[in-house]
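Throughout, a chain's letter reflects where its sequence line sits, starting with A, and its residues are numbered from 1.
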2 protein chains.
Amino acid sequence: MTYHHGNLRRALLDAALELFVERGAFDFTLRELAREAGVTHNAPYRHFAGKAELLAALREEGFAALAESARAALTTADEPRKRVRVLGEAYVRFAIEKPHHFRLMLHNPLGEATPNGAAFELLRTALEEGRAAGVVRDDLSARELALAAWALVHGLSSLIVSGNVPGDEARVRRYTKTLDAVFFEGALARKRQR
Amino acid sequence: MTYHHGNLRRALLDAALELFVERGAFDFTLRELAREAGVTHNAPYRHFAGKAELLAALREEGFAALAESARAALTTADEPRKRVRVLGEAYVRFAIEKPHHFRLMLHNPLGEATPNGAAFELLRTALEEGRAAGVVRDDLSARELALAAWALVHGLSSLIVSGNVPGDEARVRRYTKTLDAVFFEGALARKRQR
DNA sequence: ACGCCAATGTGGATGCTGTCAACATTAGGC
DNA sequence: GCCTAATGTTGACAGCATCCACATTGGCGT
């Protein structure tokens with residue numbers, strides 16, 4: 001057993017996630033994390049000022065991972081509508097696969113804007129492209145449309161993660177399909193078109 | 001000062017909300033609430049087994065209030081599309097006016113379905129009506145459409161409450177208008193219709 | 001190669017918390 | 001009007017966050 005742990009910071013973050021998975025809430029104690037990492041109760045303070053700062057670090061990781069997923073998704077589609085769709089799917093998939101990070105990202109102290117702007121910008125750009133291609137309605141700004149799309153996928157993600165809506169793969173596929181249809185085509189009955 | 005407080009339960013719930021407003025998080029302590037209510041540290045246990053149960057009680061209040069808002073909103077509109085719209089507006093307004101309750105309602109232990117079914121059923125019914133009236137597309141079930149609408153307003157609400165999107169009255173009005181347009185008419189460019 | 005400093009981890013102390021158990025007061029039904 | 005259940009109090013205990021002084025060691029400059 002070495003006096004210096006090697007990478008305590010990482011170990012603490014991992015332990016926090018692990019405890020979250022076990023208990024379904026971020027109610028762990030710093031001392032617990034220390035024990036988990038095989039270290040005394042004060043060692044964590046060399047890396048984080050407190051629990052809040054540790055959670056903030058996890059949140060950062062989450063935003064980075066989300067942005068990364070979004071970028072990866074974009075490489076798989078060319079036509080505008082499809083690009084928006086894969087972005088949305090990536091968002092929902094992220095929420096389902098990393099519910100701890102996702103929850104954390106929502107759970108900021110309130111009123112503090114969070115820097116998920118990265119993912120949002122990708123979405124806005126995709127809609128901008130669609131607009132340039134004449135595929136997307138032009139009486140609403142790309143920004144407004146992006147907000148609507150964001151609200152849609154963010155809402156679905158939240159509802160799934162919070163357990164209000166089942167999150168099994170089959171249903172999620174259907175949901176995203178429905179949402180895609182509604183977002184692009186609307187809910188109104190089409191009289192003659194299509 | 002009476003020995004018996006009169007309505008300690010209520011006082012504790014109010015104190016919890018108050019402290020939340022002050023600090024932007026539910027990190028109060030039960031002893032604090034007791035002090036706030038002018039009562040000793042153990043009195044709260046006569047009303048709540050612990051902090052979790054107290055929060056659960058607040059959550060219940062939230063769901064009840066939301067359902068009530070939804071019902072009230074429905075009395076103000078007759079045509080199907082408008083009915084869906086006012087429901088959505090009521091949802092968002094609720095989130096903005098009672099952000100503490102709203103946050104709490106999202107913040108359940110994870111995986112535990114919450115009983116906001118009441119509001120959801122109203123929404124589903126409204127879409128059912130729209131469908132019966134031939135106003136709403138019929139290749140998607142009312143349930144699916146309701147999910148989409150719910151995701152939309154829930155997403156917007158979450159984003160506003162979490163500070164990711166500004167929540168001032170003027171902008172919210174514009175957002176809801178945009179969302180209404182997108183939900184009903186879709187994001188695709190309309191070639192000849194309209 | 002080596003010494004030294006900053007980073008990292010330790011040990012102990014303090015005040016606050018949740019929770020339990022025994023006791024005190026009072027409201028309200030009989 | 002009395003008695004019991006509901007409500008509030010007091011005291012005690014273990015665990016936690018946080019602060020401080022101290023111990024160990026990796027690695028940088030020479």
Side-chain angles (χ1 to χ4, degrees), chain A residues 1-61 100-101 103-104 107-110 112, chain B residues 1-61 100-101 103-104 107-110 112:
Chain A
M1 197 52 69
T2 60
Y3 189 95
H4 280 55
H5 179 284
N7 199 349
L8 182 54
R9 184 187 162 89
R10 184 70 258 151
L12 291 172
L13 291 174
D14 291 344
L17 281 181
E18 196 183 330
L19 283 182
F20 171 87
V21 171
E22 268 179 39
R23 308 192 193 161
F26 287 102
D27 60 351
F28 56 80
T29 140
L30 277 192
R31 282 165 115 106
E32 257 175 325
L33 296 187
R35 278 194 293 272
E36 197 77 18
V39 105
T40 52
H41 67 218
N42 261 323
Y45 285 86
R46 297 296 166 186
H47 300 274
F48 305 101
K51 188 157 126 179
E53 199 167 287
L54 188 151
L55 289 180
L58 276 180
R59 205 157 24 222
E60 288 305 313
E61 288 191 359
H100 13 88
H101 281 110
R103 287 196 109 210
L104 207 43
H107 190 57
N108 55 348
L110 180 63
E112 281 186 19
Chain B
M1 195 54 68
T2 60
Y3 190 96
H4 278 57
H5 179 285
N7 198 348
L8 183 53
R9 183 188 163 91
R10 183 73 257 150
L12 291 171
L13 291 173
D14 291 344
L17 281 180
E18 195 183 330
L19 283 181
F20 172 89
V21 172
E22 268 180 36
R23 308 192 192 160
F26 286 102
D27 60 351
F28 56 80
T29 146
L30 277 193
R31 282 166 115 106
E32 256 176 323
L33 295 188
R35 279 194 293 271
E36 196 78 18
V39 105
T40 52
H41 67 237
N42 259 322
Y45 286 86
R46 297 294 168 188
H47 300 274
F48 304 101
K51 187 158 128 179
E53 199 168 288
L54 188 150
L55 290 180
L58 276 181
R59 204 155 27 220
E60 288 305 315
E61 288 191 359
H100 12 89
H101 281 109
R103 287 196 111 210
L104 206 44
H107 191 54
N108 55 348
L110 181 63
E112 281 186 20

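Each of D:dG8, D:dA17, C:dT8 was ranked by its minimum atom distance to the side chain of B:Arg46; first place goes to D:dG8. Counting only heavy atoms from C-beta on, A:Val39 has its side chain closest to C:dG9 among C:dG9, C:dG18, D:dA12. Picking from C:dG18, D:dA17, D:dG8 the nucleotide with the shortest atom distance to the side chain of B:His47 gives D:dG8. Nearest nucleotide to the side chain of B:Ala43, out of D:dT7, D:dT18, D:dT9: D:dT9.
No side-chain heavy atom of B:Leu19 sits less than 4.5 Å from a side-chain heavy atom of B:Phe26.
Taking side-chain N and O atoms only, B:Thr40 has no distance below 4.0 Å to OP1 or OP2 of D:dT10. When the side-chain nitrogen and oxygen atoms of B:Arg9 are compared with OP1 and OP2 of D:dA6, none of them lie within a distance under 4.0 Å. Side-chain nitrogen and oxygen atoms of A:Thr29 include at least one within less than 4.0 Å of the OP1 or OP2 phosphate oxygen of D:dA17. Taking side-chain N and O atoms only, B:Tyr45 has no distance below 4.0 Å to OP1 or OP2 of C:dG18.
One donor-acceptor pair, N or O on each side, does fall under 3.5 Å between the base of C:dG18 and the side chain of B:Arg31. A donor-acceptor contact under 3.5 Å links the side chain of A:Asn42 to the base of C:dG12.
A pairwise comparison of heavy atoms in A:Leu8 and A:Pro44 identifies CD2-N, 4.5 Å as the closest pair. For the pair B:Ala37 and B:Leu12, the tightest heavy-atom approach, listed with the atom from each and the gap, is CB-CD2, 4.4 Å.
Using a 4.0 Å heavy-atom cutoff across all strands shown, A:His41 reaches at least one base atom of the nucleic acid.
Evaluation of the salt bridge (charged side-chain N to carboxylate O under 4.0 Å, His left out) rule for A:Glu61 yields A:Arg10 as partners, not counting sequence neighbours. Residues passing the ring pair (Phe, Tyr, Trp, His ring centres under 6.0 Å) test with B:His101: none are found, sequence neighbours excluded.
One interatomic measurement links the two molecules: CZ of A:Phe48 to C1' of D:dC16, which rounds to 19 Å at whole-angstrom precision. In this structure, CG of B:Leu8 is placed 16 Å from P of C:dT26, rounded to the nearest angstrom. Whole-Å rounding puts the B:Arg10 CZ to D:dT7 P distance at 16 Å. Atom CD of B:Glu32 is separated from atom P of C:dG15 by 18 Å (rounded to the nearest Å). One atom, CG of B:Leu12, and another, C1' of D:dT7, lie 12 Å apart when rounded to the nearest Å. Per the geometry, CG belonging to A:Asp27 stands 13 Å off C1' belonging to C:dG18, to the nearest Å.
Within residues 51-58 of chain B, no residue approaches DNA chain C, by heavy-atom distance under 4.0 Å.
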Stepwise salt bridge (Lys or Arg N to Asp or Glu O under 4.0 Å) check, B:Arg23 with B:Glu32: CA-CA 13 Å; B:Arg23 308 192 192 160; B:Glu32 256 176 323; 2.3 Å; yes
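Cation-pi check for B:Lys51 over B:Phe28 is met; the charged atom lies under 6.0 angstrom from the ring centroid and within 45 degrees of its normal.
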